[in-house]
2 protein chains.
Amino acid sequence: MTTEPEIPANRTPTLTDVAKLAGVSVATASKAINGRGEVRATTRVRVLEAAELLSFAPNALARGLLSGRTGTVGLLTSDLEGRFSIPILMGAEDAFGAGQVSVFLCDARGDAIREQHHVRALLSRRVDGLIVVGSRTDPRPPLVGNIPVPVVYVYAPSANPNDVSITVDNVGGGRLAVEHLLACGRRSIAHITGEVGFQAARDRAEGAAAALADAGLTLVGDRPYFGSWDESWGRAAAHMVVERHSDVDAIFCGSDQIARGVLDALRDLGRDVPGAISVIGFDNWEAISADSRPRLTSIDMNLKRLGAVAGQRLFEAIDGSVSRSEEFPGRLVMRESTLPLG
Amino acid sequence: MTTEPEIPANRTPTLTDVAKLAGVSVATASKAINGRGEVRATTRVRVLEAAELLSFAPNALARGLLSGRTGTVGLLTSDLEGRFSIPILMGAEDAFGAGQVSVFLCDARGDAIREQHHVRALLSRRVDGLIVVGSRTDPRPPLVGNIPVPVVYVYAPSANPNDVSITVDNVGGGRLAVEHLLACGRRSIAHITGEVGFQAARDRAEGAAAALADAGLTLVGDRPYFGSWDESWGRAAAHMVVERHSDVDAIFCGSDQIARGVLDALRDLGRDVPGAISVIGFDNWEAISADSRPRLTSIDMNLKRLGAVAGQRLFEAIDGSVSRSEEFPGRLVMRESTLPLG
DNA sequence: CTGAAAGCGCTTACAG
DNA sequence: CTGAAAGCGCTTACAG
């Protein structure tokens, strides 16, 4: 028969349990654990030992209720499946991961109703902010309703220019690709790309045309070949281009999948890549570009960095500073499908 | 100068605000909003209108503090980048999405320390349960420490057989692939696969061998060709197999990427696929299998369903029932790279 | 240096 | 049918 404080049974331990075990008040226990206020060193050690013994983990809900900050953010994506969302999401996770922030992941599946539903749930959980990840670069409608926390849009900008959007400079990316081909001594450059309905396709084509214009040149065929984003289109279009323009010495592709189709077609046609015709892709999707024959030079959109920047901007906004929208350039990743003329 | 209750300024509205605006007590407001207890119809309407007017969203933290349930779960993945985690994650999201559950996403990046850190954070946030998603099928060490909530392991089982693990039947998958080739009348079947260090590679090979044994046959070359998971290995191995065993009439590949390499090599060698040699892959990775020449027959592991089942099992466990580990079969997805002999 | 008290926003018996 | 009170687990002035 003892009156010693006992270790609680199978209940998650609370600060009260720790305080009891250490023989102090909850106020003192709180201060000791948080390193706040003046607590005698020996007392603090006693509290910390008790906490350790009980595997005490402070209840974040209670803390959040008090402080008004939960240390959580919502990540709203429209298609998890899409390969663009994932690196962005990883970048954002990186930006948060170091600190004390946890991330709620919500996939709206491209459905506005579902998105609305998720936003409501997240606000109910009192997230400190929201990141909205789009799956294509066309501007998207801003979140509806009165959102009482900061919001940062990534990849797909908000249609409202007052919102903070972190995006890729696709015009610059198209320019980068063509400037590389020009630097390789190529003059007859064709552009095979995806659906014209995509802003990304139009932007990259615009950048390509601009770079050529600066060099006093135009695209082979005098226009981009818009089609679809897949390999079959790459194969079909490559056949057409080579047949119509036998002088073509380089092809800039709007995606790595298109480029993959182009490579296959050129191989079938017996055209040497990169010697006779250099090929460059877009996306730097490892699974597609890293093991092709030859391995594919491509433009990397630095999506992970995009996500990380979005995370940082959200943090700043939560801390009360105002951010502005930003556009980031891509990066050339050289492999063996492009080569200077000998 | 009025004494009417006013709409609160720029503060997130609380139940007290709603009650004030509706002219009732917070207790009554609470009951009205939650449809609990006896509340006069007209009163409830008044409260609901007030809530609507203020865009009131109940504070989930406060609720969680009271009820002991937060309606959140933690999803612990070891590599977001990996294409296996994503469909599983989507399936889990689906399982939860319908209800009132929000998902914390944590990527441990394959680092045990980081995983430990995430677990602590999640427990601090009082998640109701955890799902642990592995990136390969080899058993993994269970979460360390005393975890006071249910845990379900997916794809990669826990090394502790008492834990609940939801996995893919890779032996069955290998069997499925070879049985399909046998059904197509093939008798000389080779198996080109990934690293022998992967349980997945060994399991699929085992299933393939078993199916052949049932038919009184053995693998061409009497053993699987283990190598790496990429296209180059597929190309190299295909050359070798065809050269050594000119009678081969089918190749079962341990991954779609390997199969892609095999297809390319056979094309270079002038072997007709599927006529002379049928090829089947594994994973059913759309980006790789859906647009190859010919399009690739493959085994789909139903990862999305795996994730959904894991979510359901976690729910059940949270509600107090005991679940058991389960293993799920794959599914044959027919395309044009396999064909019955004419 | 330590602790009693108030309060974050809500729900739930318990009286009226 | 309605409301005053207690309490979920914590932190923060404020006394001692």
Side-chain angles (χ1 to χ4, degrees), chain A residues 5 8 11-48 50-51 54-72 100 121 123-128 148, chain B residues 5 8 11-48 50-51 54-72 100 121 123-128 148:
Chain A
R11 193 168 40 76
T12 304
T14 70
L15 188 58
T16 304
D17 299 322
V18 175
K20 231 173 246 165
L21 186 59
V24 299
S25 72
V26 287
T28 300
S30 171
K31 286 171 209 154
I33 283 175
N34 296 302
R36 259 193 238 298
E38 316 291 286
V39 180
R40 207 198 320 170
T42 62
T43 307
R44 186 173 45 206
V45 169
R46 205 142 33 89
V47 172
L48 260 27
L54 299 178
S55 304
F56 170 73
N59 186 323
L61 300 179
R63 278 186 167 170
L65 199 51
L66 265 293
S67 70
R69 284 272 186 104
T70 56
T72 62
Q100 316 293 359
L123 293 179
S124 203
R125 300 199 186 283
R126 298 297 187 261
V127 293
D128 296 331
Chain B
R11 191 168 42 74
T12 304
T14 71
L15 188 60
T16 305
D17 299 321
V18 174
K20 228 174 247 164
L21 185 59
V24 298
S25 72
V26 287
T28 301
S30 172
K31 287 171 208 154
I33 282 175
N34 295 304
R36 256 193 240 298
E38 314 291 285
V39 180
R40 209 200 316 171
T42 62
T43 308
R44 185 173 45 204
V45 170
R46 206 144 31 91
V47 171
L48 259 28
L54 299 178
S55 304
F56 171 72
N59 186 323
L61 300 180
R63 280 185 165 169
L65 198 52
L66 265 292
S67 70
R69 283 272 186 103
T70 56
T72 62
Q100 316 292 358
L123 292 179
S124 202
R125 298 196 186 286
R126 298 296 187 263
V127 293
D128 297 329

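Just so we're on the same page: letters track the sequence lines, and every chain starts at 1. What you see is a predicted model, and the numbers here were worked out from it, not measured in a lab.
K20(B) has its side chain within reach of T16(B): a pair of non-hydrogen atoms, C-beta onward, lies under 4.5 Å apart.
Between L15(A) atom CG and dC8(D) atom P there is a gap of 13 Å when expressed in whole angstrom units. Rounding to whole angstrom units, CG of residue D17(A) and P of dG9(D) are separated by 8 Å. As a whole-Å value, the separation of I33(B) CD1 from dG9(C) C1' is 12 Å. Rounded to whole Å, atom P of dC1(D) lies 17 Å from atom CZ of R36(B). Across the protein-nucleic acid pair, E38(B) atom CD and dG3(D) atom C1' stand 15 Å apart, rounded to whole Å. Here dC1(D) presents its C1' atom at 12 Å from CZ of R46(B), a figure rounded to the nearest Å. Atom CG in L66(B) sits roughly 10 Å away from atom P in dC10(C) (whole-Å rounding). When the C1' atom of dG7(C) is taken as reference, atom CG of L61(A) falls 17 Å away, rounded to whole Å.
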### Query
Which dot-bracket string describes DNA chain C (Watson-Crick N1-N3 plus N6-O4 or O6-N4, or G-U N1-O2 and O6-N3, all under 3.5 Å; [ ] crossing; | other strand)?
|||.||||||||.|||
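Evaluated for a side-chain contact (heavy atoms from CB on, under 4.5 Å) with K31(A), the options V24(A), V47(A), V39(A) yield exactly one hit, V39(A).
Between A27(B) and A62(B), the one whose closest nucleotide on DNA chain D sits nearer the 5' end is A27(B). If V39(B) and L65(A) are placed on DNA chain D by their nearest nucleotide, the residue sitting closer to the 5' end is V39(B).
Residue S25(B) places no side-chain N or O under 4.0 Å from the OP1 or OP2 atom of dA4(D). Contact between the side-chain N/O atoms of S30(A) and the OP1/OP2 oxygens of dC10(D) is not found at any separation under 4.0 Å. The phosphate of dT11(D) (OP1 or OP2) has a side-chain N or O of N34(A) nearer than 4.0 angstrom. Regarding contacts with the backbone of dG9(D), every side-chain N or O of R63(A) stays at 4.0 angstrom or more from both OP1 and OP2.
Taken from OG1 in T42(B) to CZ in R46(B), the straight-line distance is 6.0 Å, to the nearest 0.5 Å. Taking OG1 from T28(B) and CZ from R44(B), the interatomic distance works out to 12.5 Å, rounded to the nearest 0.5 Å. T70(B) OG1 to D128(B) CG: the interatomic distance, rounded to the nearest 0.5 Å, is 4.0 Å. One finds the CZ atom of R11(B) at 10.0 Å from the CG atom of L54(B) (value rounded to the nearest 0.5 Å).
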### Message
Let's go through D17(A) and T14(A) carefully: what are the C-alpha distance in whole Å and the side-chain angles of both, what is the deciding distance for side chain to side chain contact (heavy atoms under 4.5 Å, CB included) to 0.1 Å, and is it a yes or a no?
### Response
CA-CA 5 Å; D17(A) 299 322; T14(A) 70; 3.4 Å; yes
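Of the candidate nucleotides dC8(C), dT2(D), dG9(C), dT2(D) has the atom lying nearest to any side-chain atom of R40(B). In the set dA13(D), dG3(D), dG9(C), the nucleotide with an atom closest to the side chain of V24(B) is dG3(D). Counting only heavy atoms from C-beta on, K31(A) has its side chain closest to dA13(D) among dA13(D), dT2(D), dC10(D).
R125(A) places no side-chain N or O within 3.5 Å of a backbone atom of A60(B) that could act as its donor or acceptor partner.
Among the atoms of the strands shown, only primed sugar atoms or phosphate atoms (P, OP1, OP2) are found under 4.0 Å from some heavy atom of T43(A).
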